[in-house]
Q: 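Questions regarding the structure given below will be posed in turn.
Worth saying up front: this structure is predicted, and the values here are computed from it rather than measured. The residues of the chain are indexed from 1 along the displayed sequence.
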Amino acid sequence: MHLDTLMTWVLAGLVTGGLAGVLIRPGGYGWRADLLLGLAGSLVGTVVFHALALTPEAGWLGMGLVAFAGAASVIVGQRWWHTHA
């Protein structure tokens with residue numbers, strides 16, 4: 001993994017987690033947990049897309065979108081789990 005890829009998914013995860021903490025107030029565990037969920041989700045999204053070879057040299061914008069999609073998926077899943085469990 002290259003440094004620019006690492007920085008892209010970290011930035012996308014933090015931004016997604018921060019936005020989720022601000023925009024989706026009910027159902028969360030706080031801003032720290034949202035940031036951690038965003039980071040974890042962006043890492044998972046990046047790893048999955050790399051494993052499936054769906055991001056061949058997509059550049060930082062493509063990797064940012066992949067990381068954002070992964071982070072958003074994890075945060076939405078957590079919010080759903082929190083309200084339905």
Side-chain angles (χ1 to χ4, degrees):
M1 183 181 296
H2 298 285
L3 182 61
D4 58 340
T5 304
L6 177 71
M7 293 307 297
T8 300
W9 73 257
V10 167
L11 182 62
L14 290 175
V15 167
T16 306
L19 285 175
V22 171
L23 298 176
I24 311 172
R25 276 290 183 199
Y29 294 112
W31 65 273
R32 286 186 199 128
D34 288 336
L35 291 177
L36 291 175
L37 283 171
L39 281 173
S42 65
L43 174 63
V44 168
T46 301
V47 169
V48 166
F49 273 72
H50 271 292
L52 296 175
L54 295 176
T55 56
E57 301 303 321
W60 66 269
L61 181 61
M63 288 306 302
L65 292 174
V66 167
F68 181 82
S73 300
V74 168
I75 290 170
V76 167
Q78 179 271 330
R79 295 295 201 265
W80 181 86
W81 182 267
H82 184 76
T83 58
H84 291 89

Q: My understanding is that only residues two or more places apart in sequence, or in another chain, count here; which of them pass side chain to side chain contact (heavy atoms under 4.5 Å, CB included) with V48?
A: V44, L52
Q: Which heavy-atom pair separates L14 from L35 by the least distance, and what is that distance?
A: O-CD2, 3.4 Å
Q: Do L43 and M7 belong together in a cluster built from hydrophobic side chains that touch within less than 4.5 Å?
A: yes
Q: Atom CG in L36, atom CD in Q78: separation rounded to 0.5 Å?
A: 11.5 Å
Q: Might you point out which heavy atoms bring V10 and L39 nearest each other, and give the distance in Å?
A: O-CD2, 3.6 Å
Q: So which atom in A71 and which in G13 form the shortest heavy-atom distance, rounded to 0.1 Å?
A: CB-CA, 4.4 Å
